[in-house]
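For reference, the structure discussed in these notes is given below.
Both ligands and their constituent atoms are indexed starting at 1 by order of listing.
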Amino acid sequence: MVEIKLTNTMTRKKAIFRPIDPSNVRIYVCGPTVYDRAHLGNARPVVVFDVLNRLLRHVYGNDHVTYVRNFTDVDDKINARAARDGRSIREITDETIGWYHDDMDALGNLRPDHEPRATDFIPQMVAMIAGLIEAGHAYAAEGHVLFAVESYAEYGRLSGRSIDDMIAGARVEVAPYKRNPMDFVLWKPSSADLPGWDSPWGRGRPGWHIECSAMAQELLGDHFDIHGGGNDLMFPHHENEIAQSCCAHPGAGFANVWLHNEMLQVEGKKMSKSLGNFFTVRDLLDQGVPGEVIRFVFLGTHYRKPMDWTDGKRQEAEATLLNWRSLVARLGESATKEILSDSQTDDEVVAALADDLNSAGAITALHRLARRVRGGDVEAAKKLAGSCAMLGLDLNADQVIERLVAQIQMGRTRISIQQDHAPLIGRLLELRAEARAKKDFETADRIRDAFVAAGVEVVDTKEGPMWTLKADFDPTRLEGLK
Ligand code: AMP
Ligand code: ZN
């Protein structure tokens, strides 16, 4: 069996992953707060943990992994959005969850086995809070319930900070009802205009952290394998989850391995609205960037390193995927069918992923396979297709190759269209290159615009421009350019 190694934030070491129960490997990942479209950074943990989920399924079997990712659907940001737009909270959270599914599906992510909504688990949260009060780890004060951090000696172990450091470093909310400024809210009162549930401490709503402890317990038990999220969640969110769960279930252990992805940046800068470099996954998809291209760019950086989104990387990813696809298609119809029915995963790709999810190393192995496919190696093509499928890339045997086979079978129409128009498109690309060389950007832009209008997709690669015809290809739009 393939041995997986993971870097555990808790121990700060890379170690062999040993599941508690190999017949049911259990993962919990913190999901989004649903009040707005996911920005590009939000998609990073989704892709990272999707790759982990796929790797675990590959190693332990498809039916032997349980992957949970929650939706935070009770939060003050959601309340504020509902008040601003004059809409109901449920309407906003339902709509946002729908967008999230559309956008994350478009990036080739599998849906988790469970996607619990916090508001469906309020009784479990209330029960957990009541247990924490009873055990002396929490106290009620002025309609609030607070977790007493001093009651848990290991508080701060995940992020490696002492309580004093945390007080000094963090912007903690000082409130008269807190015994220690680091104590955090488990339950807070709701005024009549805010969502609230009856509880032993009056009508109120949960603090943020308790939901993950309650949902993980309900769906995965009090001891499970892996807990993941962005590294911005390490403190205070994950620290607080550990304190709540370990105090509610002493000796159980909560999560064995903690995995944290680094943040995404844009062209070397933090993504932020004020810098004007803030965009959503949907913005990119609407601009025509295919989801698999976004995914491919993400896979190019190890999850524990900051990842920089650049337009150059986007172009390169687009060219690589186009190139791999055409390499497979060039092997011919019968080979393509064989690849479709017998795709395989490559050992080097799996070994790279098993080494702390080294997706960048996996891509290097895919490039090696692609070079063999260029030499006509059908076996390498089977591995390229199968390994891409395992990584969730839309080059896979089931989808893209099937599509290619279908295209070939459709009376070779698209192939012949491509052949019929190749001389014209080639000539126009030459004219564009000459115009660019002469700095005649007007002509170069006119040709580019005509390509867009005609449905010719052109990607500039190191080996020169590569092109494909979109379904709405209209050659009449190229007339008059010669
Ligand atoms: P939120 O909805 O803000 O709680 O974030 C949802 C997920 O996105 C969390 O796992 C965050 O850690 C993650 N996240 C937020 N911003 C970024 C970013 N710039 N890069 C990577 N992950 C991020
Ligand atoms: Zn969480």
Inset, instruction - Sequence neighbours left out, what passes salt bridge (Lys or Arg N to Asp or Glu O under 4.0 Å) with Arg117? Give chain and number order. - result: Asp73, Asp94

For ligand 1, what N or O to protein N or O distances fall under 3.5 Å?
unit_1	atom_1	unit_2	atom_2	d
ligand 1	2 (O)	Thr33	N	3.2
ligand 1	5 (O)	Asn42	ND2	3.4
ligand 1	8 (O)	Asn42	ND2	3.1
ligand 1	10 (O)	Gly230	N	3.4
ligand 1	12 (O)	Gly230	N	3.4
ligand 1	12 (O)	Asp232	OD1	2.4
ligand 1	12 (O)	Asp232	OD2	3.4
ligand 1	19 (N)	Leu264	O	3.4
ligand 1	20 (N)	Leu264	N	2.7
ligand 1	22 (N)	Gly41	O	3.0

Kindly list each side-chain donor-acceptor pair under 3.5 angstrom involving residues 298-307, sequence neighbours excluded, with atom names and distances?
unit_1	atom_1	unit_2	atom_2	d
His302	ND1	Arg304	N	3.2
His302	NE2	Asp356	O	2.7
Tyr303	OH	Asp356	OD1	2.6

Inset, instruction - For the Zn ion (ligand 2), check which protein N, O or S atoms are under 2.8 Å away and list them. - result: Cys30 SG, Cys212 SG, His237 NE2, Glu241 OE2

Inset, instruction - Kindly confirm or rule out a cation-pi arrangement of Arg69 over Phe49, judged by NZ or CZ under 6.0 Å from the six-membered ring centre and within 45° of its axis? - result: no

Legend entry - Proximity of His101 and Phe71 rings by center, below 6.0 Å: yes

Legend entry - Polar side chain donor-acceptor pair, Gln217 to His249, under 3.5 angstrom: yes

Legend entry - salt_bridge(Asp232, Arg44) N-O dist < 4.0 Å: no

Inset, instruction - Give a yes-or-no answer on whether the side chains of Asp193 and Ser191 include a donor-acceptor pair shorter than 3.5 Å. - result: yes

Legend entry - Lys5 atom NZ: more than 12 heavy-atom contacts under 6.0 Å: no

Inset, instruction - Determine whether Asn53 and Asn109 make a side-chain contact, defined as any pair of heavy atoms from C-beta on separated by less than 4.5 Å. - result: no

